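Note that the coordinates shown come from a computational prediction; the quantities given were computed from them, not determined experimentally. Just so we're on the same page: letters track the sequence lines, and every chain starts at 1.
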Amino acid sequence: MTNILIFIVGFLGIVTLVQILRVSELMSAVHKQDVNEVNEKDNIFNSKMMLIVGALFLISFFWQYFEWKHLLLPEASSEHGVIIDELMTFTMLLIIFVFLITQPLLFWYSYKYRKGKGNETAYYFAHNNKLEIIWTVVPAIVLTGVILYGLSTWNKITNADVKGATVIELYAKQFNWTARYSGADNKLGSAHYKLVSPINPSGTNALGVDTRDNDVNAAWKDDIITTPVDNVVHLVKGQPVLLKFRSQDVIHSAFLPHFRVQMNCVPGMTTQFAFTPTKTTAEMKATEGEDFDYVLLCNKICGASHYNMQMKFIVETQEEYDTWMSSQKTLSEKVSTQTVITELVTQK
Amino acid sequence: MSDHHKETFITKYIFSIDHKMIAKQFLITGMLMGIVGMLMSILFRLQLSSPGEPFAILEWFGVDWNPTLDANGNVIGTPIMEGVLDPNLYLSLVTMHGTILVFWVLTAGLSGTFANFLIPLQIGARDMASGFINMLSYWFFFAATVVLLISLFVHTGPASAGWTIYPPLSAIKETIPGSGLGQDLWLIAMALFVVSSLLGGLNYIVTILNLRTKGMSMSRLPLTIWAIFITAILGVLSFPVLLSCALLLIFDRSFGTSFYLSDIIIGGEALHHTGGSPILFEHLFWFLGHPEVYIILLPALGIVSEVMSVNSRKPIFGYKAMVLALIAIAFLSFIVWGHHMFITGMDPFLGSVFTFTTLLIAIPSAVKVFNYLATLWKASIRFTPAMLFTIGFVSTFLTGGLTGLILGDSALDINVHDTYFVVGHFHIVMGLSAIYGMFAGVYHWFPKMYGRMMNKKLGYLHFWVTFICAYGVFFPMHFLGLAGLPRRYYTNSAFPMFDELTDINQLITTFAIVGGLIQFIFVFNFFYSIFKGTKATKNPWESNTLEWTTPIERMHGNWPGEIPTVYRWPYDYSKPGAEKDFIPQTEPLKEGEEEH
């Protein structure tokens, strides 16, 4: 019934519109004036609209900023994040400056130079080399600055000294994350996708860590893998961390917005990102509210539950971290060593 | 060569080789696809503003769909259950919306329409170099359209890996239902589309280079033709890469190769694929993907330059600079694709190079904007609906271009990559700008296409509501992005940190619905005016270019007698010393008159 009603209303709407147009066109025949020729009235109406809508647009820009400012991400909680934020502020101010000069000019010219009294003919102005050189060179100089500033920031971030950084692996699969700490030796044991249990009968863990016990393969022993029950990544304030990413099925992306960290997790390769957290979760809760938590989001479309592929991060003091760490069981305490190795060739 | 062979209904309207009819075929197909794509966006916007709630409109679409369960009891391939959007269908809608708008509407709909329509008319040719190839170009496009539309109705749903279809998600059917038959059809449709695009593009290039009338030197070409020419070159150079990229994906999907796949476990089983890399796909895809952005944008830039000049009654400012800027943008567009991949783990040095080349594009873009402003300065603006969309274009090109400075900067991209900031950015700079250019073109050339005028009042209504709503939809998205909200999320309710963003999402959806529905006014105006619009005069906008010297009645061959000769550039508006405020290109220079 509703559908029929919607259909009838839609149909009547179209009929009405047709009739209105017919009437206006008949009127134009009566007045001997083309109804679709742009006249003085149209020019005045539209030029005024340009001014009004242009002004509203710029006002709405400020309104949105002040109304929604509190929703934006808080200041970065990492060392490199601070310099990203500085670059962001600089670039934002620059583009807002250009925006606030050029947009008003556009709407103002559209208003001022409408065809009409005092403006019947346009000024023939085909080119002007001086002006054109100015507005090519000035953007070029400004952009040189932006590029240099951007690249120096990029280099600082990507060339971060990772010596001494705690190595943690983030392993992605549809639709959850698992973390592996490198333990006391700060080295991750090697892994291979064909060792992932349960696909490999002799496999002992869900990340495919090679758990053979021999001289060259001992790094895995003190590794610690989070469990679904306690699926939280613990970090120490001020302690650099080197995240290494792997994926088991499709491309995922590890996004830690509060730390200004994002890196794709690509099946078949390992990617990494180093950073140093600067604020504990407790400190953030104090300023951002009790509900605050650092979260890891998936930011590359990965399937039906992409929107809910998350993991909590906790930044704490060294003491709190040590206490938590002492309660964790290492991989060698949890699993039996692997004796038989399948057809797999372990990659070093 | 004025061939006056008898046209039957079939040769005139269906298998036509007349460039004007082919242009209309592209336009109407593009418009219909535009409506489909737009309605999809409204469906997923409803979901985003009220996640998980049932909607009558969804029930309306999905009332007969029965959920199918797989072995684990998970629902597969159910588009809509009792009016609630399924997450897989949400991703399908997003994917198809992007695919349709990027390729079907803004590539074929925009380039196909105006390249076909304007090239012969504006350069003074009887038709395209090869009318037959031109016809094939449309029918390949039509076939692609049919295949894509069929994919909407397959059991497991249409493609759903995003319009960028990154493997392995798009390669392995167990990862998402849309990666089944829907993805195959998507790839077939895309292959057909590429063929269409190549046939069209080659024809455009050949025609522009060889069939210009006497006196129509390259430096007298209207900027529309310059833009279309450069666009065609971009397309011919980049679309084959997309084709090979898609073919390799088809191999990986169906023939067990491992171009893009390695070390994958799906459903508890290790796949045999080793040695491939999904990153290879991204490189190939974006080698087309980024020029594609300019394949979309350049024709709009051309149309806007032409329409603005005509309705400002003023030459376009800096004609040569405009052409050079087009060439510079086109050239740079080939060496910036990596800015879509800053966070794929690529070598940081490579990231630096791509940042450098990307930000350089801001220079020619800035030149264009300043030249547009200089054109408006001391103009005598006549506000036709086309002119309004032109001004709207400059506004969106500017707004969206500026945020590009943030996304193109690798260091800043880290935190806004794949967030709503990107969605806001590219919808404004590429989506809105190109669609505004398309609307401007339709309103401007409608009298030439159909010999009738579109209703101007409906045009004004269309523009103002669209302009306000479009900014209402996409401007707030920048704030969502800066709040950290990722794109392609079915709902943001899974994260408490995004709870407060619901209001913004509802605002956006409201604007989207109003802005979407107003497009039907345009569609109505378009079809009404074809049949009932007031009769157009020969040169209703008092324009200089050659198309307005053809008779009002459509004819095969464009000019009844000789092809006109060209004596001047197309932008002699309000030239001092002239009788009228426009001097058609066919008017010889007066004695002592200097050519611009």
Undergrad: Under 3.5 Å, is there a donor-acceptor pair linking the side chains of A:Asn264 and B:Thr344?
TA: no
Undergrad: Checking side-chain polar atoms at under 3.5 Å, does A:Gln103 have a donor or acceptor matched by the opposite partner on B:Thr399?
TA: yes
Undergrad: Is there a side-chain contact between B:Leu388 and A:Met50 in this structure, where contact means two heavy atoms from C-beta onward sitting under 4.5 Å apart?
TA: yes
Undergrad: Considering only heavy atoms, which portion of A:Asp249 lies under 4.5 Å from any heavy atom of chain B: side chain, backbone, both, or neither?
TA: both
Undergrad: Flag the one option from B:Phe524, B:Trp464, B:Phe356, B:Phe520 with the top tally of heavy-atom pairs under 4.5 Å to chain A.
TA: B:Trp464
Undergrad: Against chain B, label A:Glu288 side chain, backbone, both or neither, depending on which of its atoms sit under 4.5 Å from a heavy atom there.
TA: neither
Undergrad: At a heavy-atom distance under 4.5 Å, which candidate from B:Leu458, B:Val416, B:Asp413, B:Leu412 has the highest pair count against chain A?
TA: B:Leu412
Undergrad: Sort A:Met269 into side chain, backbone, both or neither according to what part of it lies under 4.5 angstrom from a heavy atom of chain B.
TA: side chain
Undergrad: Less than 4.5 Å apart, any side-chain heavy atom of B:Ile265 and any of A:Lys194?
TA: no
Undergrad: B:Pro278 and A:Pro267: which non-hydrogen atoms are nearest, and at how many Å?
TA: CD-O, 3.9 Å
Undergrad: Return yes if some donor-acceptor pair links the side-chain N/O of A:Tyr193 with the main-chain N/O of B:Leu271 below 3.5 Å, else return no.
TA: yes
Undergrad: Please classify the contact of A:Gln248 with chain B as side chain, backbone, both or neither, using a heavy-atom distance under 4.5 Å.
TA: both
Undergrad: Stepwise, does the side-chain contact (heavy atoms from CB on, under 4.5 Å) test hold for A:Phe255 with B:Asn415?
TA: CA-CA 8 Å; A:Phe255 183 31; B:Asn415 219 53; 3.5 Å; yes
Undergrad: When the ring planes of A:Tyr65 and B:Phe479 are compared, do they come out parallel, tilted or perpendicular, using 30° and 60° as the limits?
TA: tilted
Undergrad: Using non-hydrogen atoms and a 4.5 Å limit, figure out which bit of A:Gln272 sits close to chain B: side chain, backbone, both or neither.
TA: neither
Undergrad: Can B:Glu174 and A:Gln174 be said to form a side-chain contact (heavy atoms from CB on, under 4.5 Å), step by step?
TA: CA-CA 11 Å; B:Glu174 290 82 4; A:Gln174 287 180 330; over 6 Å; no
Undergrad: In terms of heavy-atom pairs under 4.5 Å, which option from A:Leu131, A:Asn129, A:Thr158, A:Leu94 contacts chain B the most?
TA: A:Thr158
Undergrad: Looking only at heavy atoms, which two atoms of A:Gly303 and B:Ile176 are closest? And how far apart?
TA: CA-CD1, 3.8 Å
Undergrad: What residue in A:Gly289, A:Gly150, A:Gly81 has the most heavy-atom pairs under 4.5 Å with chain B?
TA: A:Gly150
Undergrad: Students often mix this up, so state it plainly: with edges at 30° and 60°, are the rings of A:Phe57 and B:Phe475 parallel, tilted or perpendicular?
TA: perpendicular
Undergrad: Using the ring of each side chain (for Trp, its six-membered ring), is A:Tyr307 parallel, tilted or perpendicular to B:Tyr490, with breaks at 30° and 60°?
TA: tilted
Undergrad: Is the shortest heavy-atom distance from the side chain of B:Lys457 to the side chain of A:Asn36 under 4.5 Å?
TA: no
Undergrad: If you count heavy-atom pairs within less than 4.5 Å of chain B, which of A:Asn155, A:Ile83, A:Ile84, A:Leu56 leads?
TA: A:Ile84
Undergrad: Going by heavy atoms in the side chains, are A:His306 and B:Pro87 under 4.5 Å from each other?
TA: no
Undergrad: Just give me the residue among B:Gly481, B:Gly484, B:Ser395 that pairs up with chain A most often, heavy atom to heavy atom, under 4.5 Å.
TA: B:Ser395
Undergrad: Quick check on A:Leu143 against chain B: is it the side chain, the backbone, both or neither that has a heavy atom closer than 4.5 Å?
TA: side chain
Undergrad: Of the options A:Phe125, A:Tyr124, A:Tyr113, which is the one that meets B:Lys378 in a side chain to side chain contact (heavy atoms under 4.5 Å, CB included)?
TA: A:Tyr113
Undergrad: Tell me the closest heavy-atom pair linking B:Pro348 and A:Trp154, and the distance in Å.
TA: O-NE1, 2.8 Å
Undergrad: Suppose the criterion is side-chain hydrogen bond (donor to acceptor under 3.5 Å, both in side chains): which pairs have a residue in residues 141-153 of chain A, not counting sequence neighbours?
TA: none
Undergrad: Before giving the answer on side-chain contact (heavy atoms from CB on, under 4.5 Å), spell out for A:Ser253 and B:Ile343 the whole-Å C-alpha distance, their side-chain angles and the decisive distance to 0.1 Å.
TA: CA-CA 9 Å; A:Ser253 187; B:Ile343 54 152; 3.9 Å; yes
Undergrad: Heavy-atom distances under 4.5 Å only: say whether A:Asp85 touches chain B with side chain, backbone, both or neither.
TA: neither
Undergrad: Side chains of B:Ser380 and A:Glu120: is there a donor and an acceptor less than 3.5 Å apart?
TA: no
Undergrad: Shortest non-hydrogen contact from A:Asn308 to B:Ala494?
TA: OD1-CB, 3.2 Å
Undergrad: Using a distance-only test with no angle check, is there a side-chain donor-acceptor pair under 3.5 angstrom linking B:Asn371 and A:Trp135?
TA: yes
Undergrad: With chain A, which of B:Val369, B:Ile391, B:Ile521 has the greatest number of heavy-atom pairs at distances under 4.5 Å?
TA: B:Ile391
Undergrad: If I measure from the heavy atoms of chain B, does A:Ile157 come under 4.5 Å with its side chain, its backbone, both, or neither?
TA: side chain
Undergrad: Compare every heavy atom of A:Pro139 with every heavy atom of B:Ala366, then report the nearest pair and how far apart it is.
TA: CB-CG, 4.0 Å
Undergrad: For residues B:Lys456 and A:Asn39, determine if any side-chain heavy atom of one lies less than 4.5 Å from a side-chain heavy atom of the other.
TA: yes
Undergrad: With sequence neighbours excluded, what pairs up with A:Phe292 under the ring-ring contact (aromatic ring centres under 6.0 Å, His included) test?
TA: A:His258, A:Tyr294
Undergrad: Which bit of A:Ile14 comes within less than 4.5 Å of chain B, counting heavy atoms only: side chain, backbone, both or neither?
TA: both
Undergrad: For each of B:Leu485, B:Ile172, B:Ile504, tally heavy-atom pairs with chain A at distances under 4.5 Å, and name the one with the top tally.
TA: B:Ile504
Undergrad: Can you tell which part of A:Gln64 gets under 4.5 Å to a heavy atom of chain B, answering side chain, backbone, both or neither?
TA: both
Undergrad: Go through the steps to decide whether A:Asp42 and B:Thr384 satisfy the test side-chain contact (heavy atoms from CB on, under 4.5 Å), and finish with yes or no.
TA: CA-CA 8 Å; A:Asp42 299 323; B:Thr384 62; over 6 Å; no
Undergrad: Under 6.0 Å between the ring centres of B:Tyr319 and A:His127?
TA: no
Undergrad: Find the one option among B:Asn525, B:Leu501, B:Leu398 whose heavy-atom pairs under 4.5 Å with chain A are most numerous.
TA: B:Leu398
Undergrad: Please classify the contact between A:Thr91 and chain B as side chain, backbone, both or neither, with a heavy-atom cut-off of under 4.5 Å.
TA: side chain
Undergrad: Do the side chains of B:Ile381 and A:Ser47 get nearer than 4.5 Å, heavy atoms only?
TA: no
Undergrad: Side chain, backbone, both or neither: which part of A:Val261 has a heavy atom under 4.5 Å from chain B?
TA: backbone
Undergrad: Counting only heavy atoms closer than 4.5 Å, note whether A:Val146 contacts chain B via side chain, backbone, both or neither.
TA: both
Undergrad: Looking at every non-hydrogen atom in both residues, tell me the closest pair between B:Phe383 and A:Ser110 and how far apart they are.
TA: CZ-O, 3.1 Å
